[in-house]
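Everything below concerns the one structure shown next.
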Amino acid sequence: MENASRFEVSPVFCRKGRTPLFCSALLPLLVLSMLWGCNKPEPGGAQTAEQPVNVVVTTVKTQDVPIVFEFIAQVESSREVNIQARVSGFLEKRVYTEGAVVQEGETLFLMDQKPFKAQLVQAEAALARQQAAYEVARRNLARVKPLAAADALSQKDLDDATGQYQSTAAAVEQAKATVEQARLDLSYTVITSPVTGITGSADQAEGTYLSFNNSQLTTVTVLSPIYVNFSVSENDWLRSRDQIAKGRLIQPEGEAYTAEIILADGSLYPHTGRLTFADPSFNPETGTFLIRATFDNPDGQLHPNQYVRIRLKGAIRPNAVLVPQRAVQQSSKGHFVWIQGKDDRAETRPVLVGEWHGDQWVISEGLHPGDRVIVDGMLALRPGALLKVNHPIDQEGTEKPAVDHNDPPESGR
């Protein structure tokens, strides 16, 4: 500082061509520079103390966790029946209301019955004629047999009488079949529903002549029971098989999963279902495995082609590791968590995540019982940062007394 006080401006700085104003402005800057150099701390001097980062941690524990599988599904009718005309004729009347629920056996359409009634009368008259011929042949054979036995008539007469009897008997059976067919055709003019369900629109107008080419009249869709179909990808299916084989996933006894439906508004469908069908082969176009669940639908709340979410309950993941969802971070290399490491320093730990359980995440790999995972305060963290743990919580979310790991232990502990 003594040298600084004696500092004089060198003639080099105020050589010819530079004004006294320039020299007077430069001088204070040089003095301040010298003063700063005198006050610079010596190497190895006192450093500012590291400030710990306040965080909240949870201690990792294992527990058996019920697993819920959720899929996008589509509703399908258990039976969708096409209502068709079975005989040709004029459509006389539509009896049902389009879109209404009909009961099994309820009439839907009426066809013109007059020509079918006339055919039945003709068939019955033909049957009566054949029955009369049959009766004559039967009596004739009854007279011929004793005469032929007494050699009063030839064998040819007996054969002719027998043949006539058998022919008329066959004609009677044929006439009976014709009558029965005529009765069936007449009954087909009253078209009824074979099932209980909801009706579709009428495909043919009243007065239309129905034939083989335009026999489709409407459809009746069964609403209860109803199917809910969903698909499982090949990767998910293989992953589940592997976890079951390794004991990481326990299925319900007999694979009797309980199925629930979540509707579009988020409400829970009031009836539970059961798995009733699994396609024995994969779909080569989508790479998925079709599974079907069956539900009761007494109120008709579910409709065919409706999209819903289905949940399957009953499986258990034994000794699972759970952490709050907010504790799991993601980077370009995958998921990771911050943990309280050695000497209360922050460390990152890569993890493999599984399914969600409430507001927690199942960790498949990367964490072990006893690990202390940071759940709050991660924004200010960097690897190796000193931690101050405030209000640690357990996995059930219960707050515990605060513990400052940076303070020395009290005497007597």
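Note that the structure is a prediction, hence the values are computed from the model and not measured. Reckoned from all heavy atoms, side chains included, excluding hydrogens, waters and symmetry mates.
- Between the CG atom of Asp296 and the NE2 atom of His271 there is a distance of 7.0 Å, given to the nearest 0.5 Å.
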* Step by step, would you call Asn283 with Leu290 a side chain to side chain contact (heavy atoms under 4.5 Å, CB included)? -> CA-CA 8 Å; Asn283 186 327; Leu290 178 66; over 6 Å; no
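- In terms of heavy atoms, Tyr257 sits closest to Ala315 at CE2-CB, 3.9 Å.
- Counting heavy atoms from C-beta outward, Leu158 and Gln155 have side chains that approach closer than 4.5 Å.
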* CA sep, side-chain torsions, deciding dist, call: Leu352, His335, side chain to side chain contact (heavy atoms under 4.5 Å, CB included) -> CA-CA 7 Å; Leu352 182 62; His335 293 89; over 6 Å; no
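- Atom CG of Leu263 is separated from atom CD of Gln301 by 5.5 Å, given to the nearest 0.5 angstrom.
- Annotation for Gln251: atom CD counts as buried by contact number, over 12 foreign heavy atoms lying within 6.0 Å.
- Under the 4.5 Å side-chain criterion, counting only non-hydrogen atoms from C-beta, Ile316 is not in contact with Ile67.
- The number of heavy atoms from other shown groups lying within 6.0 Å of CZ (Arg241) is above 12.
- When atom types are taken as modelled, the side chain of Asn214 and the backbone of Tyr209 share a donor-acceptor pair closer than 3.5 angstrom.
- You'll find the side chain of Leu386 stays beyond 4.5 Å of the side chain of Val53, heavy atoms only.
- Contact record, Ala175 with Leu127: CB-CA, 3.4 Å, taken as the closest heavy-atom pair.
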* side chain to side chain contact (heavy atoms under 4.5 Å, CB included) between Asn54 and Lys388, intermediate numbers included -> CA-CA 5 Å; Asn54 292 326; Lys388 181 177 181 181; 3.4 Å; yes
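- The pair Glu180-Lys176 fails the salt-bridge criterion, with no side-chain N (NZ, NE, NH1 or NH2) lying under 4.0 Å from an Asp/Glu carboxylate O.
- The closest side-chain donor-acceptor pair between Thr162 and Asp159, if any, does not fall under 3.5 angstrom.
- No donor-acceptor pair under 3.5 Å is formed between the side chain of Gln166 and the backbone N or O of Thr168.
- Between Asp203 atom CG and Ile83 atom CD1 the span is 11.0 Å, to the nearest 0.5 Å.
- Checked by atom type and distance alone, the side chain of Ser78 pairs as donor or acceptor with a backbone atom of Pro225 at under 3.5 Å.
- Ring orientation note: the planes of Phe336 and Trp338 are nearly perpendicular, at an angle over 60° on the 30°/60° scale.
- Judged by distance alone, with hydrogens and angles left aside, the side-chain atoms of Asp376 form no donor-acceptor pair with the main-chain N or O of Val55 at under 3.5 Å.
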* To do: Might you work through the side chain to side chain donor-acceptor pair (under 3.5 Å) test for Thr189 and Gln113, ending with a clear yes or no?
  => CA-CA 6 Å; Thr189 59; Gln113 295 184 338; 3.1 Å; yes
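- Heavy-atom neighbours of Arg86 CZ from other residues, nucleotides or ligands within 6.0 Å: at or below the threshold of 12.
- Of the N and O atoms on the side chains of Asp265 and Ser267, at least one donor lies less than 3.5 Å from an acceptor on the other residue.
- Using modelled atom types, no side-chain atom of Asn297 and backbone atom of Ile226 make a donor-acceptor pair closer than 3.5 Å.
- For the pair Ile262 and Leu268, the minimum side-chain heavy-atom distance is below 4.5 Å.
- Summarising the geometry of Ala148 relative to Ser154, their closest heavy-atom pair is CB-O, 4.4 Å, with the distance given to 0.1 Å.
- Here the closest heavy-atom approach between residue Gly247 and residue Pro318 is recorded as O-CG, 3.3 Å.
- Going from atom CG of Asp185 over to atom OG of Ser187 covers 7.5 Å, rounded to the nearest 0.5 Å.
- The minimum heavy-atom distance between Val81 and Pro194, with the atom names listed, is CG1-CG, 3.7 Å.
- Heavy atoms from other residues, nucleotides or ligands lying under 6.0 Å from CD of Glu253 number 12 at most.
- Between Ala137 and Tyr165, the shortest heavy-atom distance links the atoms CB-CA, 3.5 Å.
- The main-chain N or O of Glu80 is never found under 3.5 Å from a side-chain atom of Thr221 such that the two would form a donor-acceptor pair.
- At least one side-chain heavy atom of Arg317 sits less than 4.5 Å from a side-chain heavy atom of Leu249.
- Looking only at distances, a side-chain donor or acceptor of Glu98 sits under 3.5 Å from a matching main-chain atom of Ala202.
- Val321 has its side chain out of reach of Asp371: every pair of non-hydrogen atoms, C-beta onward, lies at least 4.5 Å apart.
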* Should Phe230 and Leu312 be marked as a side chain to side chain contact (heavy atoms under 4.5 Å, CB included) after you check the CA-CA gap, both sets of side-chain angles, and the distance that decides it? -> CA-CA 11 Å; Phe230 60 97; Leu312 300 182; 3.8 Å; yes
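- Counting heavy atoms from C-beta outward, Leu275 and Glu255 have side chains that stay 4.5 Å or more apart.
- Salt bridge absent: Glu355 and Arg311 never bring a charged side-chain N and a carboxylate O closer than 4.0 Å.
- Between Tyr96 and Ser193, the side chains place no donor N or O within less than 3.5 Å of an acceptor N or O (distance only, hydrogens not considered).
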* Asked: Hey, mind stepping through Tyr227 and Phe295 against ring pair (Phe, Tyr, Trp, His ring centres under 6.0 Å) and telling me if it holds?
  -> CA-CA 6 Å; Tyr227 294 153; Phe295 290 80; over 10 Å; no
Review item, side-chain donor-acceptor pairs of residues 100-112, under 3.5 Å, at least two apart:
residue : atom : partner : partner atom : Å
Glu106  : OE1  : Gln103  : N            : 3.0
Asp112  : OD1  : Lys114  : N            : 3.4
Asp112  : OD1  : Lys114  : NZ           : 2.9

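- By the 4.5 Å heavy-atom criterion applied to side chains, Lys313 and Val68 are counted as neighbours.
- Enclosure of atom CZ in Arg94 by more than 12 non-hydrogen atoms of other residues, nucleotides or ligands within 6.0 angstrom is indicated.
- Checked by atom type and distance alone, the side chain of Thr218 pairs as donor or acceptor with a backbone atom of Ser201 at under 3.5 Å.
- Ring planes of Phe282 and Phe289: tilted class, angle from 30 to 60°.
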* To do: Before giving the answer on salt bridge (Lys or Arg N to Asp or Glu O under 4.0 Å), spell out for Arg183 and Glu124 the whole-Å C-alpha distance, their side-chain angles and the decisive distance to 0.1 Å.
  => CA-CA 10 Å; Arg183 287 174 179 168; Glu124 289 175 341; 3.6 Å; yes
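- At least one donor-acceptor pair under 3.5 Å links the side chain of Arg349 to the backbone N or O of Gly366.
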* Asked: Which is it for Gln164 and Asp160 under the side chain to side chain donor-acceptor pair (under 3.5 Å) test, yes or no, and what are the steps along the way?
  -> CA-CA 6 Å; Gln164 185 66 25; Asp160 290 342; over 6 Å; no
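- Without hydrogens or angle criteria, Gln360 side chain to His357 main chain gives no donor-acceptor distance under 3.5 Å.
- Note that CG of Leu302 and CD1 of Ile261 are 4.5 Å apart. Values are rounded to the nearest 0.5 Å.
- Taking CG of Asp157 as the start and CG of Leu147 as the end, the distance is 9.5 Å to the nearest 0.5 Å.
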